[in-house]
Every structure is written in C-alpha cells, then in structure tokens.
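By convention in this document, chain letters (A, B, ...) are assigned in the order of the sequence lines, proteins followed by strands, and residues within each chain are numbered from 1.
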2 protein chains.
Amino acid sequence: MSSGSDSGTGGARRRPVTLRDVALAAGVSVATASKALNDQGRMTAETRTRIQDTARQLGFRPNGLAQSLLRRRSFTVGLLTNDTYGRFSLPVMAGISEALVDNGVSVFLCNVEDDPRLGQLHVDAMLDKRVDGIIATGKRVDRHLPVDLAGLGLPVIYAFTQPDPGSIAFVSDDEGGARLAVEHLARLGRRRIAHVTGPETFAVVHQRARAHADVLAEQGLDPMPALMGPWSEAWGHEAIARLFDGTGEAPDAVFCGNDQIARGVIDALRERSVRVPDDVAVVGFDNWEIVARASRPPLTTVDMNLVALGREAGLTLLSLVDGTRVEPGIRKLPCRLMVRESCGQPPGG
Amino acid sequence: MSSGSDSGTGGARRRPVTLRDVALAAGVSVATASKALNDQGRMTAETRTRIQDTARQLGFRPNGLAQSLLRRRSFTVGLLTNDTYGRFSLPVMAGISEALVDNGVSVFLCNVEDDPRLGQLHVDAMLDKRVDGIIATGKRVDRHLPVDLAGLGLPVIYAFTQPDPGSIAFVSDDEGGARLAVEHLARLGRRRIAHVTGPETFAVVHQRARAHADVLAEQGLDPMPALMGPWSEAWGHEAIARLFDGTGEAPDAVFCGNDQIARGVIDALRERSVRVPDDVAVVGFDNWEIVARASRPPLTTVDMNLVALGREAGLTLLSLVDGTRVEPGIRKLPCRLMVRESCGQPPGG
DNA sequence: CTGAACTGAGAAAAGGTTTTCTCAAGTTGC
DNA sequence: GCAACTTGAGAAAACCTTTTCTCAGTTCAG
C-alpha cells in the first residue's frame, strides 16, 4: 500500500529491511533491537516500544534463513509423494500440510513419480535446504517409494505407504473399514453379501476380503465369493453379470472394493432392473465424493479418514523433530462409514 | 550405509558435517576448502582432489541456508492455491513443480482454502523464508485468491486464476478449446450441435458458449441453445430430457461444458436408447481421464494442457527471478482435442 | 642480482540474526 | 563512604559458506 505501484513484473527488487536498519533508525545496537523485538533482555519500556514501532513502520521481517542457520532448525519439512494427481495422497497431503502450517512449519512438495533419479534429486534438495524432517506418502500402502529414507539422520514418517523397517508409519485400518461395511449390511438384514474388489496384487484387497469372510462367519451367514478384478467401473459391470447370470443364488448386497467398482455395480444393477437398495444394497470404499455423490442412489461407502491420518502424521513428525522419542511401528487409524442411500433402512427403521 | 543402523525414530540427530570439518580433516583453511569444492581459486591439483576426496568421504553437503543467506536467493518458491484437492490446480501444480525442480528450485505447498487468514499466514511464512517468487493458482480462472500479492516486492505469476492488474498470468484458451470441439463435430457432418454447460456465474461458460455460437454461424449451421446448469452428471441427464422431450428438433451432437456433464449426457442417451456416437456425438471438456475413460463409449474431450500451462508459468517465474523483464499481461495457452470414441468417424472415414 | 609477475593458500568480511558476556552508571545496605 | 547489586545497553561470538584481499615464496626477464 504505502510503497507505491511497483507492478512487480521484473527488474530490481527492493532490498528487504534488516535488523540493522531497524537498529540504526531507532538509534540502538542490533543486539538491543533483537532483544526488543523478541521480548527478551532488559531495557526501558520506552526503548522497547520505540524499537518495536520503528520495526513495524519499516516493515521489518526477520530473515528466516538467518534464524534457521542459527537455530539449526529450518521450520520446513519435505513431503515426498509418488502420487501428486491421486485421490489418496491428496487428502493425506492436505492433512499433513494443515497440521504443519498451523505450527509455523512450511512444506516442500516433492513429487517423485516412481522415478529413483527424481527421488534422489528431491531428497538431495531437501537435505541441502536442511529440512527438519520428511514425510513420505504414496498412492498404495503396499508400495515403497523409489528412495531410501533410512540413515538420512533425519526424522521420517510414513503415511499411507510402505515404511522402511523400524520406522514410524500411519495407515488406514482396512480390515476395520471392511468390517464396518459388512457389519452394516448384516445389521440391515442382508444375508447374501458378495464382495467385488480390486486385483489380488494389492495387499488391501486381501485384508478387506478376509474381513468380509470373517464377518460373514461371525454372523452365521453363508460364505460368499470375493471377486477380484481391476479397480474400474467396467469390472463392476462384469462382476454383476457373473453374480446374476451364474448358477448360484444372487446376492442381496454387494460390498465393493472401491467407489468406482460400486458405481459400475449400481449402473449394471439398474440396467437389469434390479432395484438399489430395495433388492440389492451396495457399499463402496474410499468415499470419493465426486463418484459416491453422483451415483444413483448416492453411495454408502467407507471413508479412510485420510485427512485425519495426514494430520496425525504431521503432528507426530513435529514431536519427533522436537526430540520426543516415538515408538517405531505401524499405526492403523480407524475408518468411518459414510451412510448415504445405497443401503436403505433397516427392516425395523 | 557407513554410519550404522540409526533407526531414526527420534532422539539425538547427528550434527551435519560442515565445511570446517572438511577443511580440518584435509589440513587446509575453510577458504581453500570452499574454493576446492566449487572449482574456483588457485591451488595445486593435488590439494584440490585431496579436499574433494575428503569431502566425499565425510559426506559433506553445503548448508543451503548459509548459501542462500549469502547469495540473497533461496532457490525456493511458494505455490499458493485454494484447491489442493482439485483436478484443475493439480496438473498445474505438477507442471510448475516439474519445471522448477529441474532447475534446482524447491516448492512450498501453500493451501489457502479461500480463507484470508490462512492466506496471510502462508504469505507471511513465505516472506519469512525468503522465497524467490510466488506462483498463485486456483480452481477457477475467474476467482481471486484471498490474498493480495501485489506490492510484496517479489516476482509473482498467476496460473489458472485471476491475476492482480498489471501482472503476468497464464490461462487456458477456452474459446479456442470450444472452437476445437465444435469444429470437430461440424467436420464430422453434425448439423445440430447443442451445448450443455455449467452455471452462468462462471466466466468460462460464457466464453465457451460464445465460441459455440460463433462456430455454428461460421459453418452456416442453425443456431442451437446453450443450456446452463450445475457442473454435474445429474444436470447432463436433465439437459438431455429437455433437449429430447421438448418440441424442437433433437440435436445430433452435444458439446458439454465438462466431462461430468458429458458423462451424464451419455448415460441419459443410452437410457433412452439413443446411440452414441451413431445418433448423437458427444464432446466433453477437461479431459478428466478417470471420467472420460469410464464413460461408454470413452469420451472425446478438450484437454486444457494444464501441465504445460504450469510448466510455462514455472519457467516464466524463474526468468523473472533471474531479473529478466517480462511483459505483463494474460497469456492464453492453446487447448488440445483428445479424440476417443464418442464422436465416431467422419462420413468419409 | 633486482624488481616484476606469478603461485598457492590463508585471513577476513559479508550475509542477518540470536545470545552470552561485558561494562558503566545508578542504587541499595550498612 | 564503600562494597554489593541492579539496570540498561552494547560488543562479540556463533551459525556456515563464499569471495575478496593479502602475503610469503617462487620464477622470470633484463
């Protein structure tokens, strides 16, 4: 405002005002100026406010680089991910970023794209810039990032990606989430709950399938198959064809491995005039709102609480940076069932 | 490797090795050590390689904070966005990040969520950390971020969001993109090309609608309506109902304002047994792959080249930081038509 | 053999801040 | 009136690197 109309499109930048400038203007030494601005040391109240006023007037901001150099702490962390576009790491990153920024810590975005060269490039850059710690996140819980973060001499936290052994990680409780879904269906009186899910190469597929089978057994329900295929709408379609055109009795509920599959399932059911939720209830996984909300009817689905997971990871990194000892290991954070309309009401409801 | 098996889960961090350590170990002064490692100054080849070997052996990395302090350049920029989750700013951010990282510049991720308080927090943090410049990006071309970036004394670039007056901005050429789509349809022999698009509160809606009308006129085709509504699948459904249940002649092509609408349009057409592309061709906008690929048939759609846009913005910021003078103004970057199967083949093809 | 040019390397300043140490002046207690 | 504190403030070191300046010793031309 007060500095005129520099359009800022290039050319000479004005030199930032330093503590020396403030001290000079206030007629004191830099030491005194520093103490005045940090509410430290001893001096007359008059001197202190005079210096503070001068600083404000000059628009003084302490140079964070100099502070970091001295404090051996940059208030900066690196966020390593191989999934910038992805809908999993995004909420995680948002949660991390939120937790850190609230604590005055800035976040370097480092997209490594499954490329070891890029990974090393980013890690080197972070090391050079003296980040206080690193958070690694990815698109799959069971895949490593293309870099080795152990032995860097820095605190490292893993969120939603496979950790180095002996480190600290936060992941979602997929068994728990799957239980939530299947128990919900059982509670609503569904007896034949099928499972349509992703490729068997994914660890979570097996975790969720096991929970599905376990809950059926616990509830005294007949075992039902877990159909594995791609994570796509098309596979949802095809799975419905298999389930309804086969010889066995058709299901009255489908627990899907993700929301895209669920969307395909719902569309396929509608195309064969099977009513959702009246004839068949459907539950998804991920709570990918744009998909879950657009399906007809809106999809009841498991939310992995990824933002909370990220926040937790961020806060844990901060306490690590502060020197707190944190027990290594993998922490599973609970999921949450997002109830919409694809399961209907319980018989008595 | 050589430093043993510190699990890195907390406790004392080892002090990074400094130039002083290297100099001491090599039996020279820090000045000489610095010059040796930067291939500067004069000394025997023997001395130089000895120092370099020592540095390597000790795992020395120059402290970027100290270098930045001296060079008055932090090799760091801030990326301000109000759309961390979003599918528009993400590719832009990826492009920016890519361009910058390749030039040794790290990126602070600053999500401001349309919250002025958060915006100020982030801007202050960036200023404190002495970023070399700022890139602002957002989810809408016609909406300002909740912070004022003018008069910061820093280079600023806007990407896919409304710039301050007199500044430098990169946006997609929406008219051009829309022309691409409608001309494609016309070239394929479609004569009645309707337009179903987003709310009239969006500037891009009007730009694309104008291009639609213009191309129809240029091609000597009858004017067709531009139906405006929400950016949703549901609106795509409803628009088809209006177009086909109304009194007028039904369209033989629909140019949609985004891929979700297009998806709704395609689903609605299938439900009324109108064949796509045989009876009606459909074009979307955004090339949101997850939607465009999942629709049946896969959607031909306009790609705004957002990654390239981001890359361009990043490179421009760098030249600004280097002191190059860049003409202020808004640069429109061309779109690209992503041809899939929702428009079929030209009559002669 | 002497002044000039060159060589290899170190000393010191700079960058901006924080913190500890020092010190002169003023105040209290006896 | 003097020792012992207290007060307000500055000097200087520290953080780590880069760069300019300085300097002793060597080589060369004349």
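The 5' end of DNA chain C is approached more closely, in terms of each residue's nearest nucleotide, by G27(B) than by the other of L70(B) and G27(B). Closest-nucleotide positions on DNA chain D for L69(B) and K35(B) were compared, and the one nearer the 5' end corresponds to L69(B). Along DNA chain C, the nucleotide nearest to S29(B) and the one nearest to R20(A) differ in position, and the one closer to the 5' end is contacted by S29(B).
Going from atom CG of L58(A) over to atom P of dG16(C) covers 14 Å, rounded to whole Å. Atom CG in L19(A) sits about 10 Å away from atom P in dG16(C), given to the nearest Å. We find that CG of D39(A) is positioned 16 Å from C1' of dT19(C), with the value rounded to whole Å. Note: CG (N63(A)) to C1' (dA14(C)) measures 13 Å, nearest angstrom. In this entry the distance linking CG of D21(A) with C1' of dG15(C) reads 13 Å, nearest Å.
Not one side-chain nitrogen or oxygen of Q40(A) sits closer than 4.0 Å to the OP1 or OP2 atom of dT18(C). For the pair T44(B) and dA9(C), the criterion of a side-chain N or O lying under 4.0 Å from OP1 or OP2 is met. OP1 or OP2 of dG8(C) has not a single side-chain nitrogen or oxygen of R42(B) nearer than 4.0 Å.
Under 4.0 Å is where a charged nitrogen must lie from a carboxylate oxygen, and between D83(B) and R143(B) no such pair does. Checked for salt-bridge contact, R56(B) and D53(B) meet the test: a charged N lies under 4.0 Å from a carboxylate O. Using a cutoff of 4.0 Å between basic side-chain nitrogens and carboxylate oxygens, D132(A) and R71(A) are not scored as salt-bridged.
Nucleic acid contact for T18(B): sugar-phosphate only, since backbone atoms but no base atoms lie under 4.0 Å from a heavy atom of the residue. Residue contacts shown for T47(B) are limited to sugar-phosphate atoms, with no base heavy atom under 4.0 Å away. Counting any heavy atom pair closer than 4.0 Å across all strands shown, S34(A) reaches a base atom. At the heavy-atom level, R73(B) lies nowhere under 4.0 Å from the strands shown.
With sequence neighbours excluded, the residues forming a side-chain hydrogen bond (donor to acceptor under 3.5 Å, both in side chains) with T44(A) are T47(A), listed by chain and number.
Closest non-hydrogen pair, H122(A) versus C110(A), comes out as ND1-CB, 3.4 Å.
Ring geometry for F108(B) versus F108(A): interplanar angle under 30°, hence parallel rather than tilted (30 to 60°).
For DNA chain D, the span of nucleotides reached by chain B at under 4.0 Å from its heavy atoms goes, 5' to 3', from dC16(D) to dT20(D).
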Check: Which is it for K129(B) and D124(B) under the salt bridge (charged side-chain N to carboxylate O under 4.0 Å, His left out) test, yes or no, and what are the steps along the way?
Finding: CA-CA 8 Å; K129(B) 281 167 182 138; D124(B) 286 349; over 6 Å; no

